[in-house]
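When a ligand or atom number is given, it counts from 1 through the structure's own listing order. The basis for the numbers below is simple: all heavy atoms, side chains too, and nothing from hydrogens, waters or symmetry mates.
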Amino acid sequence: MREQKGQHPQSVEIDADDASVSEHVRMSRRLFLGSSAALVGAAGTGLGAGLLSPSAHAASHDGPSIEVKPGELDEYYGFWSGGHSGEVRILGLPSMRELMRIPVFNLDSATGWGITNESKEVLGHSEFLAGDSHHPHMSMTDGKYDSKYVFINDKANSRVARIRCDVMKTDKIITIPNVQAIHGLRVQKVPYTKYVFCNAEFRIPHPNDGTGLDDIEAYYTMFNAVDAETMEMAFQVIVDGNLDNTDADYTGKYAFSTCYNSENAVTLAGSIRNERDHVVVFNIERIEAAIKAGDYKTLPGADKVPVLDGRKGSKLTAYVPVPKSPHGMNTAPGGRYAVANGKLSPTITMLDLHKFDDLFAGKIEPRDVIAAEVELGLGPLHTAFDNRGYAYTTLFIDSQICKWDVEKAVRAYNGEEVDYIVQKLDVQYQPGHNHTTMGETRDADGKYLISLCKFSKDRFLPVGPLHPENDQLIDISGDEMKLVHDGPTYAEPHDCMIVHRSKVKTDKLWKRDDPFFATTVAQAKADGVVLEKDNKVIRDGNKVRVYMTSVAPNYGMDSFRVKQGDEVTIVITNLDNVEDVTHGFAMVNHGVQFEIGPQATASATFIAKEAGVHWYYCTWFCHALHMEMRGRMLVEKA
Ligand code: RUQ
Ligand code: CUA
């Protein structure tokens, strides 16, 4: 495998006559297409478009119907990360209809996320509204989704957020201390999600205060565990190399992360010198015991967070050598295997999780936990599993999903003559993550696979230089994978996970005692205001709190009076007790607008800079007289 200069970065040329290249790679899609450039280079030209046209490559639609007719409900919830849009999206499967967006690390004008006082409290001190969300994962009990929370990382600002699944709103965000770029995130599966595991990717000096800038060898990064209930740091573990993705096992004892840059370099060339990098295995029991024994240090600015040394040689970790720059880390639902996806190697490495106890007991060597190195094709990034012993790996460079037989792959690795590859399905194009229905849990059901394709090229109407991505739905319930839907998505779903609808229970109305607006309720109480009935203006120096109710199509006040320069807080309590009757509030020319769900209280604060009449109005269509739901803020000249 050689990098070619001056081409699309995905281009890697394979020499079909090279004897070291195996049959599986030689038969890859790129060679089949006749030229290494055909796929990425020419797909937009006449030739490429012809070769890869939907008629030539789309699946035939003779599989089970995926149509969800008007009025029917989807079978699954899909939780999609929004990548550098910073949000999380809920899709219905198999229709692939977008059901909801959950703002997390972004500003959202419809809901007022980043504008309301309640959302600002969640955003806390790290009020950046430009996040990069990658990996959404739901909390589990006994290896099954429990529908309490969905956790999501922000690579751009080293944060982890939690979404409450009863109301589907973000309720906590933590900035992970003393690290940069939280990337891989997964939850402890067993016995329940006590920890959210998250990898900090980039190595930095410690302390990172301007000293040690050039002492590259001394840089390090850390593996992190956040307490899922309190959303506070549980511990951090110093590692060698850069951490990429992570997953946990089905005993609750281990978590493991792919780890590149074993060279500890700071440049691209430097970090791909070694032939092998690692999977770092974290022994959670030993880490907890070390914390109990006080065997840790702390770092500046986070004096309550235990920091343990897990670099090579530590008893808390094991470094399993795997081909260089591994990427995705995926545990199979059977609980026996996890795979590290090769990325720069055409192989994935299967780890036998049942051997980890022996590894930590010193009975075997790190390489002894490898159950197989399985050659699949070019650019394996992520693997998903069904409940029938098959795995599905994205091949980024080949633009394919490779379906393979897990047990046969182990037998082939041990010298038996068996073909473990079941099928290669073309996807459009360059898939990153994939995910099967319930596939990261014990409830894997093998019905659908999602391929998150980074490029859509010719699959949709052109919309300018910026293209949507293409999230493809694949039916995997039969012997053959069948592509059944192309789903354009906006930047950039890195990852998703798919939960059967029977697992998810959401509320239809807010509860008046919801902690989401508890601070606002407490302030009202201090002001002697009963939110459920009062419409009052409370003055507190130059701070003015305007309390009003809303019942379609009226606000409790059609005008209120303040003075120029006042800091005005609008607090609205939506008394409508009816599912789906959400009101909004926008103060014209003030950059203020937000949602007030049924039975919720929401508030926002701004300065009344200009004297005069300023209209406010309802932004969510709530009633035949929605347009008339408005009022005046009368600002007296200072
Ligand atoms: S990573 S395309 Cu951020 Cu999940 Cu693999
Ligand atoms: Cu209330 Cu529209």
Side-chain angles (χ1 to χ4, degrees), residues 9-10 79-84 110 131-137 151-156 181-186 197-202 242-247 257-258 260 325-330 339-344 348 379-384 393-397 399 401 427 429-435 440 450-455 469 471 491-497 548-556 558 572-576 578 580-586 593-598 600 602 616-631:
Q10 287 80 33
F79 291 83
W80 256 240
S81 67
H84 39 287
D132 184 15
S133 64
H134 284 222
H135 302 111
H137 291 288
F151 300 92
I152 179 91
N153 70 301
D154 169 18
K155 179 168 172 176
I182 294 297
H183 185 227
L185 176 149
R186 268 228 172 64
F197 300 120
C198 47
N199 288 334
E201 187 169 339
F202 302 140
N242 290 32
L243 295 174
D244 194 354
N245 280 291
T246 190
D247 206 345
S257 301
T258 48
Y260 68 99
S325 298
H327 183 62
M329 190 79 241
N330 305 92
V339 305
N341 297 262
K343 189 168 78 179
L344 301 187
I348 57 99
L381 288 185
H382 295 276
T383 296
T393 300
T394 53
L395 301 175
F396 181 80
I397 296 168
S399 278
I401 301 279
V427 291
Y429 306 90
Q430 266 96 29
H433 274 271
N434 63 357
H435 210 91
E440 63 171 351
I450 287 287
S451 172
L452 300 178
C453 301
K454 300 293 183 191
F455 294 77
E469 305 197 4
D471 297 348
E492 176 200 308
H494 277 265
D495 191 9
C496 66
M497 50 108 187
M548 57 174 123
T549 56
S550 66
V551 179
N554 287 296
Y555 291 118
D558 50 22
I572 300 181
T573 299
N574 181 356
L575 296 183
D576 275 308
V578 183
D580 209 3
V581 179
T582 294
H583 296 289
F585 179 90
Q593 62 183 58
F594 57 90
E595 159 214 0
I596 318 110
Y616 53 90
Y617 69 95
C618 177
T619 48
W620 287 79
F621 212 112
C622 55
H623 191 273
L625 292 171
H626 158 77
M627 290 293 294
E628 286 77 0
M629 188 165 171
R630 62 194 180 121

task = Indicate, with yes or no, if the rings of Tyr617 and Phe585 have centres closer together than 6.0 Å.
result = no
With heavy-atom distances below 4.5 Å as the criterion, would you say the side chains of [X] and [Y] are in contact?
X: Met629; Y: Ser550; value: yes
X: Asn245; Y: His327; value: yes
X: Phe202; Y: Asn242; value: yes

task = Could you tell me which residues satisfy salt bridge (Lys or Arg N to Asp or Glu O under 4.0 Å) with Asp247, sequence neighbours excluded, listed by chain and number?
result = Arg186, Lys189
key: Contacts of type side chain to side chain donor-acceptor pair (under 3.5 Å), residue Ser81, not counting sequence neighbours   = none
query = Taking the six-membered ring for Trp, are His433 and His382 parallel (under 30°), tilted (30 to 60°) or perpendicular (over 60°)?
reply = parallel
ask   = Relative to the ring of His494, is the ring of His134 parallel (under 30°), tilted (30 to 60°) or perpendicular (over 60°)?
value = parallel
ask   = Tell me, which protein N/O/S atoms are under 2.8 Å away from atom 4 (Cu) of ligand 1?
value = His135 NE2, His433 NE2
inquiry  = Walk me through whether His626 and His583 qualify under ring-ring contact (aromatic ring centres under 6.0 Å, His included).
reply    = CA-CA 9 Å; His626 158 77; His583 296 289; 8.6 Å; no
note = Within the 2.8 Å cut-off the protein N, O or S neighbours of atom 2 (Cu) of ligand 2 are Cys618 SG, Trp620 O, Cys622 SG, His626 ND1
